[in-house]
*Asks:* 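Quick one: this structure, given as structure tokens, is what I'll be asking you about.
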Amino acid sequence: MSSFVWDLLTLFPEIISVYVHSGILGRAVEDGKITVRVHDLRDFTQDKHRTADDYPYGGGAGMVMKPEPIFLAVDRVRELAPESRIILMSPQGRPFDQEEAGRLARGSRAVTLICGRYEGVDARVSEHLVDDEISIGDYVISGGELAALVVLDAVSRCLPGVVGDERSVSTDSFYQGILKHPQYTRPESYRGMRVPEMILSGHHEKIRRFQRFKALEKTFRNRPDLLDKAELTEEDQEMLNRIRRGERTEA
Ligand code: SAH
């Protein structure tokens, strides 16, 4: 299968490289499952000072990224990858989540992420250039690079063969609408804290029920909002009733 192509537009290209060459993403790059190209927006500026920002019309604090370098960089990307889906990273975008990650992974073969800086990006970019504007959450960070890496990472994990064991993706938090169950590794006892007996039992069905109970319990405690949308079985509902009554384990 051909490589999923990422084009990232940024004023800070050096930020991207270490992350995409580490761990699971690093292997995906090496195996050719994903291709990551980083474009320095500074290379698309048109004056000798390589100016990428300017004062906002109408006044106000801070600087705004000029449209020209971004439009020119997207022209270049469209020569390299005509089908690329152009996305602006912005706190004013549609919220990004696991469902959106899966949709992008299935629906595209190339995605371009525009990373803003300063007070943000000239509005003509979001109004006329991009296919989509995406936010990674309801907070403001200093630049779009981290946000772009979040999207690149989450979407790449959904591509076939990127995460070695597919089961690992399908049991991740959010994949089935709830959080993942707590996990333990050796030693069996650490500073008096014991791994729950149930998962040492070797009894697969009991372990499955125990882990499901714990996943529901964690979701109930930390993210009750997810339970309204999650697809829950009758068994789940019954476990939830017990969790609401304060029962600690499924046993
Ligand atoms: N003044 C802007 C925020 C600018 S932050 C506002 O209030 O909307 C600078 C850049 O960081 C943005 O252009 C965007 O690319 C990135 N950024 C900041 N927070 C983000 C978020 N939650 N999601 C995605 N990108 C974000």
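Position 1 is the first residue of the sequence, and the numbers go up from there. Each ligand, and each atom within it, is numbered from 1 in the order the structure gives.
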*Asks:* Strictly distance-based, threshold 3.5 Å: is any side-chain N or O of Ser17 a donor or acceptor partner for the main-chain N or O of Glu14?
*Replies:* no

*Asks:* With heavy-atom distances below 4.0 Å as the criterion, list the atoms of ligand 1 near Tyr118.
*Replies:* 4 (C), 5 (S), 9 (C)

*Asks:* Are the side chain of Asp131 and the backbone N or O of Ile86 linked by a donor-acceptor pair below 3.5 Å?
*Replies:* yes

*Asks:* If you measure from atom 5 (S) of ligand 1 to every heavy atom of Thr10, Ile141, Ile136, which option wins on shortest distance?
*Replies:* Ile141

*Asks:* Donor-acceptor check, side chain of Ser156 to backbone of Asp153, threshold 3.5 angstrom: yes or no?
*Replies:* no

*Asks:* Indicate yes or no: does an N/O atom of Gly116 lie under 3.5 Å from an N/O atom of ligand 1?
*Replies:* yes

*Asks:* Can a donor-acceptor pair be found, under 3.5 Å and without considering hydrogens, that links the side chain of Ser189 to the backbone of Arg194?
*Replies:* no

*Asks:* Would you say Tyr139 has any N or O atom under 3.5 Å from an N or O of ligand 1, going by distance alone?
*Replies:* yes

*Asks:* Is there any N or O on Cys115 that sits under 3.5 Å from an N or O of ligand 1?
*Replies:* no

*Asks:* Sub-3.5 Å donor-acceptor pair from the side chain of Thr219 to the main-chain atoms of Leu179, do we have one?
*Replies:* yes

*Asks:* Numbering the atoms of ligand 1 from 1, which are under 4.0 Å from a heavy atom of Val140?
*Replies:* 3 (C), 5 (S), 19 (N)

*Asks:* Which heavy atom of the protein is the closest neighbour of atom 25 (N) of ligand 1, given with residue, atom name and distance?
*Replies:* Ser90 N, 3.3 Å

*Asks:* For Asp47, enumerate each residue passing the salt bridge (Lys or Arg N to Asp or Glu O under 4.0 Å) test, keeping only those at least two apart in sequence or located in another chain.
*Replies:* none

*Asks:* Nearest to atom 14 (C) of ligand 1, what protein heavy atom do you find, and at what distance?
*Replies:* Met89 O, 3.1 Å

*Asks:* I need the atoms of ligand 1 closer than 4.0 Å to a non-hydrogen atom of Gln92, numbered in the order shown.
*Replies:* 6 (C), 8 (O)

*Asks:* Looking at Val5, is its backbone amide N or carbonyl O close enough to the side chain of Ser3 to form a donor-acceptor pair, meaning the two atoms are under 3.5 Å apart?
*Replies:* no

*Asks:* Counting each atom of ligand 1 from 1 as listed, which ones have a heavy atom of Gly144 under 4.0 Å away?
*Replies:* 11 (O), 15 (O), 16 (C)

*Asks:* More than 12 foreign heavy atoms under 6.0 Å from CZ of Phe71: is that the case here?
*Replies:* yes

*Asks:* Is there a polar contact, in the sense of an N or O pair closer than 3.5 Å, between Ser142 and ligand 1?
*Replies:* no

*Asks:* Could you work out, for atom 17 (N) of ligand 1, the closest of Ala147, Pro91, Ser135 by heavy-atom distance?
*Replies:* Pro91

*Asks:* Could you identify the single nearest non-hydrogen protein atom to atom 2 (C) of ligand 1 and state the distance to 0.1 Å?
*Replies:* Glu119 O, 3.3 Å

*Asks:* Could you give all pairs that pass the side-chain hydrogen bond (donor to acceptor under 3.5 Å, both in side chains) test and reach residues 105-115, with sequence neighbours left out?
*Replies:* Ser84-Thr112

*Asks:* May I ask you to list the atoms of ligand 1 that are less than 4.0 angstrom from any heavy atom of Ile134?
*Replies:* 24 (C)

